[in-house]
Amino acid sequence: MSEMRRELEDSARKVFPDWQAAQDAKASWAQMAELGWFMAGVPEALGGLGLERRDLAVIFTEMGRARMPGPALAQFLALEALVQAPDFPGREDLMESAMAGEAITASLTIAGEDLTAVPDADTADRILVRSTDEVTLINLAGAKITPFPTWDGSRRLFTVAPAPDVPRIPLAAGSEAAALTERLDGLLCLGLAGDALGGADAVLAMAIEYLGTRRQFDRPLAMFQALKHRAADLKVALETATALYEASSEAAPLALGAMKAHCCEVYKQVAEEAVQFHGGIGLTVEYPVHLFLKRAFLNRALGGSAAFWNESAGDAVLELAAVE
Amino acid sequence: MSEMRRELEDSARKVFPDWQAAQDAKASWAQMAELGWFMAGVPEALGGLGLERRDLAVIFTEMGRARMPGPALAQFLALEALVQAPDFPGREDLMESAMAGEAITASLTIAGEDLTAVPDADTADRILVRSTDEVTLINLAGAKITPFPTWDGSRRLFTVAPAPDVPRIPLAAGSEAAALTERLDGLLCLGLAGDALGGADAVLAMAIEYLGTRRQFDRPLAMFQALKHRAADLKVALETATALYEASSEAAPLALGAMKAHCCEVYKQVAEEAVQFHGGIGLTVEYPVHLFLKRAFLNRALGGSAAFWNESAGDAVLELAAVE
Amino acid sequence: MTQEDDALRREIRDWIAREAPRDWRTASTHEAFVASQRSWFAKLVAAGYAVPHWPREWPGGGRSLAEQKIIYEELARADTPRLLLSFVSTYHAFATLAECASAQQRSHYLPRILEGETWCQGFSEPGAGSDLAAIRSRAERRGDVYVVSGQKVWSTMAQYADMCLLLVRTSADGPKQAGLTYLLMDMRLPGVSVRPIHQIQGDEEFAEIFLDEVEIPVAQRVGEEGAGWAVAQATLASERGLTLMELSYRMRGAMVRLSEAVHAAGRTCDAGVLRKLGALATRVDAVCALADRFLQKRMDEDERVGDASIVKLAYSRCLRAWTDLGVELADLAGQMHAPITFGDLNSGNWMADFMNSYAWTIAGGSDEVQRNIIAERMLGMPREPKNWITEAGQ
Amino acid sequence: MTQEDDALRREIRDWIAREAPRDWRTASTHEAFVASQRSWFAKLVAAGYAVPHWPREWPGGGRSLAEQKIIYEELARADTPRLLLSFVSTYHAFATLAECASAQQRSHYLPRILEGETWCQGFSEPGAGSDLAAIRSRAERRGDVYVVSGQKVWSTMAQYADMCLLLVRTSADGPKQAGLTYLLMDMRLPGVSVRPIHQIQGDEEFAEIFLDEVEIPVAQRVGEEGAGWAVAQATLASERGLTLMELSYRMRGAMVRLSEAVHAAGRTCDAGVLRKLGALATRVDAVCALADRFLQKRMDEDERVGDASIVKLAYSRCLRAWTDLGVELADLAGQMHAPITFGDLNSGNWMADFMNSYAWTIAGGSDEVQRNIIAERMLGMPREPKNWITEAGQ
């Protein structure tokens, strides 16, 4: 891991040492802004830190570990869209305020799905809307904003129907829009995958710690080989997915989507087992393990389903063989 | 279990106490005939024992346990076709000789697939050929018989192309053929499922016995909880499939197909783990565990694939909900 | 199936068609749910279907296991409300009273159960889940009373219970099991407090019971002091396999939920989805057949050690797979929070169903405990050593 | 990637294009396969690619791990023959000789390895698979020789080996590990006999070695008498992760086999099949990334205990899944027996591939042993007690 990435990780863990540290959405938003996260992916020429995608990948993992509330992932999408868009009057101001933490939201579904799963749409001023035809920033004044409450309570999601006649800032159109949209979907998948791996790592550690302290039949649960082997399998799945994640930050959108599907499946699998490892106590709201389970499921459903991405990936494999 | 079924099981285990007892195909064929198995499903009025399908189901399981060589399953199909067919000149003679053990072969694939996987086609006189249009007994004289050697060496399979102008005995045509063919496919699936469960039971017992005797790190492998839990899961899968099997002998062809897919998947899963439990020794031809693995895979591919049957079963479930 | 069986089936089917509530899924509060449970139980008592497993002298009692099976099959098939609130009363309390209690205790409590008095079970404790012998709640005899302090957990609907089947420790010496005593505790006694457990899917099906110097008359003891372990075995053995059969049938009946989910997702022509659906349906059929066979074995007195564990494990894993497929099919829409349907394990509110399924992989002997039982007592694999010398690393 | 790395990659790519055999899959007998292995090894020696991990004084030696990785990546990418026959010689024998042997032993044997002398490993025994300390083959010193009797098993290609790395017991007293001694045995000595193991897929990649009063000169001992355990550790630590990287890359390269299977089955429009294919392809990519990362950690001297076990387990399970999908896709056609392709784990002869995959879930520390290592040494879960008091029942 590079110096830069280790620094990002260290500073994140100092501010958000565990999932509890980030639960105040407003405070953690300010902390993220202070850590410079919203500047991270913006080129230095545009006033940002000019970090690469694999540096952002570290941030995404830390957000998952902290079970970060708020619309940060949407913010990264909006910033990326602004960075990629050709210059236009007011772009610099917009970018500056977004880097400082003024929220621009966006749907956490992939382009082509509904404008749903939009975090904090009720407090954001603008929303990034992307399709293969155009990418625009739309003012949310007068929009119809319907709550989309999920079992995961860490993200406040909404369904949005913008008002027809509000100001729109076009960022891309035509083939440029298609390319930008693909790029943004890829970033979304990278973000969700990182979130999944950070969360999985946190909840696996939580479960293993629990097994080490909880005793049954005069020994810690962690001494039972059947549980040890299942924990080991989860660790293998997690490490394997993490290696893929680290190697994929610059990958093509399709590969990022398939990678997201893989990582989110691992998160779900780890969280599902973590609840079982906790036994009855894991079924009570007093223990945090369920919070990760619910986020794991939500992550899996955001950014395109596994069915969609795996089918696309399978199509690509088919092309390896000459068609008769 | 009824008295009749227990008797069938007891007599089978006396003659074929384990898989080694049945390995001489010719001898075991004679023994099956002597046990009256080929008469079992034929009504008393036609000279048989008049047993029900759930009695036959016991025989199929014992065939799997003994890893029975030879074309017995094909013989049951041919006998069933003769029983169901309307009377015709020579039917009684045919049935009598078949009950006595004269082999009539048949493909172990479902109707609509190629006339492949035909056991002992090189020594049989006749072959049962079924389709939704007609069911016939065809003389194998002059047929093109190509070996279809499989990894499983317990069945000698062939691909058959009957000669165009040999004698054919029509057994059913039109809608009767369709019904008979469905019925025969169902019987085939029942036979393969029973074979799978008998084989799975035998190979699981073999693996558990091995774990009990083989020591590593100063204790028997059977004391390691991770292996115990995996063995328990296999036992649960096997018992569950067995309950379904016992309850399904009179089920509709579609249900029998789905049941076959389920049972064959369990056999494959048990055999796959049984090899792993045996460690290196399981990879040598000196230990019989691989023989069951190979038969498990072959059974799975005969009588229609899991993909086919599960898709059909899924279609049936879809009909539970009103279509919009 | 005999003619009598057939007649019983027709009789109960007709009765259900007339009497069963159809709106039980609409209860939006725990209180409304409990009220609907009470009224449904009263109806079943009146019709003679509430306690078919009780002796003949009770209304509707004296039914064979085969007849009980028919009743529960029909109740499941018609999607009537599950009997959650009265379960401990009619099974656990009944068996304890019938088999181990004094004549006086029996004649006092049994009629009240049919009148609607409900019981809870006070066995599990924090730190003593699957390991009952480790119970620590302490009862000290002072004259005519036991003074009990301690904590119980995972007690089903204890917040609505009138009475409690309480297992406590009267002696810390000797073998752990020999120090346990069994008491019948009135939940209204001073010192008893109950706190519902907030579950992750929004239910409060279980509660904790806190006992602070509760004075329980010695006359409320079942069996001798120190004989609690044996009495507890009678309590636990009271359910004879009907529940898992009933639940398996309900799961099969609810395959329509999955079918609806496929329609709703517009994936009726998706071969991959159809295959998963078909394979699962077959697995559910298999679990139903297994539960049937288990009951048949009990009727034939042919049960083997471990058979019950196999049924429980087969059901719990299948239920998980059932809910898992639902969550997957519902995709993002299935993530939207919706209030739960009390008492329904197969509601089609997929995330709630998924989380509910843990009740069956964890409670009543976790999957892990069942696997141990199957491996050791059925497959004959060696037990874990009970005492081991732990070494300080290598 | 540095410019030098790039240059090396181009250089070896060009060489492979000119020199690599393309017909290695056609070997139909073990002998033909062994002959092709020998000639391919000789070519690699001549070109300086055979022993990049040896010191600089050897032809082609002195390569960094990064450079070794490039060489193996390119060999895998171009689908050249795996180096099976010479593996023990160039890795295990080399490491043992280089790190523990006498100067005389070293100078005698190392050049011969490059000339094509092959070695096998005589560690495993029946009854001592993953538990080397349990070795029972007995060596008794008589004057200038050790007289050795016993049996070794799972020795890769021992039937073609000239020499053997032999671990034997010289003392039955004291701690088990302290009684082991390490010898270099000429396979042509009287009393040595070798029997190939017939594998279930038709290969004979391994052999048993029977030792009947074999007289091995004391000068052939490596290290002191009783120090065999430590020498064996050097032998086993010789491979630094390149093999799993190479095999992962080969598995990825062979995704085309699965693609062909889908085309052959006419299921290119089957959503369920495509999803399985896509999910597996991603998993294979992940395993490749994991193997890469592991090598990077070794280069950075950043390896944690357990990392190697994770790579092995991830690969072995993925290989099983890879072959499993192939068998499923090929359906009945895939059940037809076909002669195996020696040395190819991803041949598209699916049943053979499936059975071959056990070599990776069982050999070299089974999946179960790897899980123990990961749980105990990486996740910090308590070890199994080494001694337990077994009780007679409850």
Side-chain angles (χ1 to χ4, degrees), chain A residues 1 204-205 207-209 211-212 219-248 251 254-255 257-263 265-266 305-324, chain D residues 253 255-264 266 268-294 296 300 302 306-307 309-315 317-318 367-368 370-376 378-385:
Chain A
M1 194 184 258
L204 181 59
I208 287 168
E209 195 193 330
L211 291 178
R219 68 205 70 160
L221 286 178
M223 200 180 269
F224 286 99
Q225 199 197 30
L227 299 180
K228 287 163 68 175
H229 278 204
R230 282 155 62 181
D233 280 338
L234 297 177
K235 179 69 175 171
V236 171
L238 180 54
E239 288 283 320
T240 310
T242 303
L244 179 66
Y245 177 70
E246 289 176 6
S248 302
L254 170 57
M259 187 269 290
K260 194 248 14 160
H262 182 84
C263 294
E265 201 56 44
V266 169
S305 68
F308 171 79
W309 286 118
N310 285 334
E311 198 175 326
S312 308
D315 256 329
V317 175
L318 272 195
E319 286 166 24
L320 292 177
V323 185
E324 292 136 80
Chain D
M255 281 306 296
V256 66
R257 297 281 98 73
L258 282 171
S259 177
E260 286 162 355
V262 176
H263 283 287
T268 53
C269 295
D270 184 317
V273 166
L274 290 182
R275 269 173 225 143
K276 285 187 183 187
L277 192 64
L280 183 69
T282 307
R283 184 170 167 189
V284 170
D285 284 343
V287 171
C288 289
L290 182 73
D292 276 347
R293 191 172 70 148
F294 177 63
Q296 190 59 51
D300 300 345
D302 197 20
D307 275 336
S309 293
I310 286 184
V311 183
K312 169 131 191 306
L313 197 48
Y315 173 74
R317 300 318 309 179
C318 187
D367 285 355
E368 290 74 23
Q370 308 298 346
R371 289 190 187 104
N372 278 341
I373 294 172
I374 294 164
E376 292 168 6
M378 189 162 227
L379 302 178
M381 300 174 87
R383 297 187 176 217
E384 301 283 308

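Below, chain A is the first sequence line, B the second, and so on; all start at residue 1. Keep in mind that this is a model prediction, so the values were computed, not measured.
- Nearest approach of A:Glu239 to D:Leu290, heavy atoms of both residues: O-CD1, 3.6 Å.
- Interface remark: D:Arg317 contributes no atoms to any contact with chain A (heavy atom separation under 4.5 Å).
- With respect to chain A, the highest number of heavy-atom pairs below 4.5 Å among D:Gly272, D:Ala279, D:Ala286, D:Ala375 belongs to D:Ala286.
- Looking at D:Glu368, both its backbone and its side chain come within 4.5 Å of chain A, counting heavy atoms on both sides.
- Shown here for D:Ala314 and A:Thr240, the closest heavy-atom pair between the two residues is CB-OG1, 3.5 Å.
- Ranked by non-hydrogen atom pairs under 4.5 Å with chain A, the options D:Val262, D:Leu379, D:Asp285 are led by D:Leu379.
- Atom CZ of residue D:Arg371 and atom NZ of residue A:Lys235 lie 16.0 Å apart, to the nearest 0.5 angstrom.
- Scanning for side chain to side chain contact (heavy atoms under 4.5 Å, CB included) contacts around D:Asp270 gives C:Ala271, C:Arg275, D:Arg267, D:Val273, with sequence neighbours left out.
- Between D:Ala289 and A:Ala247, the closest heavy-atom pair is CB-CB, 4.0 Å.
- Of the residues considered (A:Ala316, A:Ala313, A:Gly212, A:Ala222), A:Ala222 shows the highest number of contacts with chain D, using heavy-atom pairs under 4.5 Å.
- If you tally non-hydrogen atom pairs under 4.5 Å between each of A:Ala307, A:Ser312, A:Ala241 and chain D, the highest count goes to A:Ala307.
- Contacts between A:His262 and chain D at a heavy-atom distance below 4.5 Å involve the side chain alone, from C-beta outward.
- The contact between A:Leu211 and chain D is made entirely by side chain atoms (from C-beta outward), counting heavy-atom distances below 4.5 Å.
- Ranked by heavy-atom pairs shorter than 4.5 Å toward chain A, the options D:Ile374, D:Ile373, D:Thr282 are led by D:Thr282.
- Remark: D:Glu260 CD to A:Leu318 CG distance equals 11.5 Å, nearest 0.5 Å.
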D:Leu313/A:Asp233 under side-chain contact (heavy atoms from CB on, under 4.5 Å): CA gap, chis, key distance, verdict
CA-CA 8 Å; D:Leu313 197 48; A:Asp233 280 338; 4.0 Å; yes

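- The two residues A:Pro220 and D:Pro382 make their nearest non-hydrogen contact at CG-CG, 4.2 Å.
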Stepwise side-chain contact (heavy atoms from CB on, under 4.5 Å) test for D:Asn372 and A:His229
CA-CA 7 Å; D:Asn372 278 341; A:His229 278 204; 2.8 Å; yes

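- Residues meeting the side chain to side chain contact (heavy atoms under 4.5 Å, CB included) test with A:Ala306, sequence neighbours left out: A:Ala261, A:Asn310.
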